[in-house]
Amino acid sequence: MAEKITISLIKADIGSYPGHGRVHPDLIKTAKECLQRAKDENLLIDFFVTNCGDDLCLLLSHKKFIENPEIHKLAFDTFMKCTEVAKGMKLYGAGQDLISTAFSGNIRGMGPGVAEMSFFERESEPLVVFLSDKAEAGMWNLYLFKIFADPFTTPGLIIDPKLHDGFSFEVHDVIEHKKIIFKCPNEMYDLLVFIGAPSKYCIKSVVRNSDNEIAAVTSVEKLSLTAGGYRGKDDSVMMVRSQSGFPAVGEILEPFAFPALIAGGMRGSHHVPVMAVSLKDAHPTRFDSPARVVALGFQLNGGNFIGPIDLFDDPAFDLARQKCNEVMDYIRKHGPFEPHRLPLSEMEYTTLPYVMRKLKNRFQSLK
Ligand code: F6R
Ligand code: MG
Ligand code: MG
């Protein structure tokens, strides 16, 4: 009998150069060595290692299901080994995202971002893997809504009978640790009440209404909340299944032709546009902005990864990138003012509260 395969996408910033720039090739090499050993021992079917800016990303396939302690430990040990290498080179922020150095059975809540899905591999299984840098966890909300609920983006919702019943969205309240499911298109307006506020509500997963089949999953870990203080932005990841009953690859990429504004950028404290880029441009230098997103296309073959294809390496996204640079120039002119700088409620998770505390006693009552 066919067995489900599981794809685990786990990422962490465990050091970069220069500053919060990009992952050093030696870390990629170290991660590959660790994962190759696990593949040789049959723990993994296959793996792929890459980076988006300063975030090291591990894409793993296996038969151990989601939230598996062995797989999570493998990712954790890989990040620990890479941290050693990063420390040896005095890379910046070495070990930054590893909040604890003692593994306790699940990597969730220890700093790294985790997105996992299990399914029976179809006759042909296209998968699109998204990685981000200098971006908040809820950044996928707008894109996932457009991909799975907006017929102006995905005509398949209207004209393909396999998509016509729509999709359901699992939304996490990342501040109060609650979740709720909205079935679209019926509950589209209810869904938008919440996901329009991505600093609190993040879409965790999407399933197909007709058979509850998993369609997409994201990492919703908010680093500042996990760490109890500012450690850079979340730089989350997402996976989307494609074609034959799921949105086509082109429908999945289409929303990224719009450079949406999100929270991220310099010191994780600004609204900046998102730029869809190829891997070679996935490392912001100017003002740690615009935030970056890359899309890697794979075909699965018995859990083996065929690919990737660097999907935003396409001149069709040039206009979006130009608009993104214009929006960046425009919003930058606000300097330390909102709406470029985040509102105070969100600045709670940065270093600003320390400065505010210092000045607290200087305020005099107006009464
Ligand atoms: C954004 C990010 C950077 C840093 C900035 C200051 O996610 O990581 O923008 O916040 O470079 O970094 P520190 O405080 O390490 O000097
Ligand atoms: Mg960093
Ligand atoms: Mg990063």
Side-chain angles (χ1 to χ4, degrees), residues 9-28 31 49-58 79 82-83 85-87 89-99 110-115 129-140 198-199 218-238 261-277 279 281-294 296 328 331-332 335-336 340-342 346-355:
L9 177 58
I10 307 182
K11 65 108 247 177
D13 176 350
I14 38 99
S16 52
Y17 78 127
H20 290 282
R22 66 166 99 174
V23 174
H24 192 280
D26 285 3
L27 301 197
I28 305 257
V49 180
T50 189
N51 73 297
C52 186
D54 55 4
D55 295 277
L56 179 62
C57 306
L58 316 178
F79 290 137
C82 291
T83 296
V85 176
K87 283 189 171 155
M89 282 190 281
K90 288 183 72 180
L91 294 184
Y92 197 72
Q96 172 186 290
D97 283 5
L98 297 181
I99 285 150
M110 299 190 76
V114 186
V129 170
F130 290 91
L131 315 170
S132 72
D133 190 33
K134 312 292 187 259
E136 70 177 338
M139 69 164 289
W140 308 113
S199 61
T218 72
S219 66
V220 296
E221 284 73 24
K222 288 252 259 201
L223 191 54
S224 55
L225 296 178
T226 320
Y230 179 65
R231 295 236 190 164
K233 262 303 181 231
D234 318 311
D235 305 338
S236 57
V237 292
M238 166 165 88
L261 287 171
I262 58 149
M266 180 52 69
R267 297 178 186 275
S269 305
H270 294 82
H271 283 123
V272 295
V274 177
M275 189 183 267
V277 293
L279 272 174
D281 294 321
H283 40 84
T285 53
R286 174 194 183 186
F287 201 70
D288 287 355
S289 315
R292 300 301 150 102
V293 58
V294 298
L296 304 178
M328 191 62 217
I331 202 156
R332 205 51 293 276
H340 186 24
R341 201 193 74 180
L342 297 187
E346 283 181 56
M347 298 289 281
E348 272 299 303
Y349 308 111
T350 69
T351 45
L352 185 69
Y354 300 104
V355 178

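In listed order, ligands and their atoms are each counted from 1.
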Of all the N, O or S atoms in [X], which one sits nearest to the Mg ion (ligand 3)?
{"X": "D235", "answer": "OD2"}
{"X": "D55", "answer": "OD2"}
{"X": "D54", "answer": "OD1"}
{"X": "D133", "answer": "OD1"}

Can you list the atoms of ligand 1 that are under 4.0 Å from a heavy atom of [X]?
{"X": "G265", "result": "1 (C), 9 (O)"}
{"X": "M266", "result": "9 (O)"}
{"X": "R267", "result": "3 (C), 6 (C), 9 (O), 10 (O), 14 (O)"}
{"X": "Y92", "result": "13 (P), 15 (O), 16 (O)"}

Verify, without hydrogens or angle tests, whether S219 (side chain) and V237 (backbone) share a donor-acceptor contact under 3.5 angstrom.
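Answer holds: yes.
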Side-chain contact test, heavy atoms from C-beta onward, threshold under 4.5 Å: evaluate it for [X] versus [Y] and give yes or no.
{"X": "R267", "Y": "T350", "value": "no"}
{"X": "M139", "Y": "S132", "value": "yes"}
{"X": "V272", "Y": "M328", "value": "yes"}
{"X": "Y17", "Y": "L27", "value": "no"}
{"X": "L296", "Y": "T50", "value": "yes"}

Which pair of heavy atoms, one from M347 and one from S269, lies closest together, and at what distance?
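That closest heavy-atom pairing would be SD-CB, 3.7 Å.
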How far is [atom] from its nearest protein heavy atom, and which residue and atom is that?
{"atom": "atom 9 (O) of ligand 1", "value": "D288 OD2, 2.4 Å"}
{"atom": "atom 10 (O) of ligand 1", "value": "Y230 OH, 2.7 Å"}
{"atom": "atom 7 (O) of ligand 1", "value": "K233 N, 3.1 Å"}

Considering H270, Q96, H20 one by one, which has a heavy atom nearer to atom 8 (O) of ligand 1 than any of the others?
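Of the listed residues, H20 has the closest heavy atom.
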Are H340 and R332 close enough, and set up right, to give a side chain to side chain donor-acceptor pair (under 3.5 Å), and what steps lead you there?
CA-CA 7 Å; H340 186 24; R332 205 51 293 276; 3.0 Å; yes
I'd like the atom name of the N/O/S atom in D13 lying closest to the Mg ion (ligand 2).
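Nearest N/O/S atom: OD2.
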Of all N, O or S atoms in H20, which has the smallest distance to the Mg ion (ligand 2)?
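Considering only N, O and S atoms, H20 comes nearest to the Mg ion (ligand 2) through ND1.
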Would you call the rings of F130 and W140 parallel, tilted or perpendicular if under 30° counts as parallel and over 60° as perpendicular?
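F130 vs W140 ring planes: tilted.
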Counting both backbone and side chain atoms, is some N or O of K134 under 3.5 Å from an N or O of ligand 1?
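There is no such contact.
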Tell me whether D235 has any N or O atom under 3.5 angstrom from an N or O of ligand 1.
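No; every N/O pair is 3.5 Å or more apart.
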Looking at Q96, K134, R22, H24, which one forms a side chain to side chain donor-acceptor pair (under 3.5 Å) with D54?
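Going through Q96, K134, R22, H24 one by one, the side chain to side chain donor-acceptor pair (under 3.5 Å) with D54 is satisfied by K134 alone.
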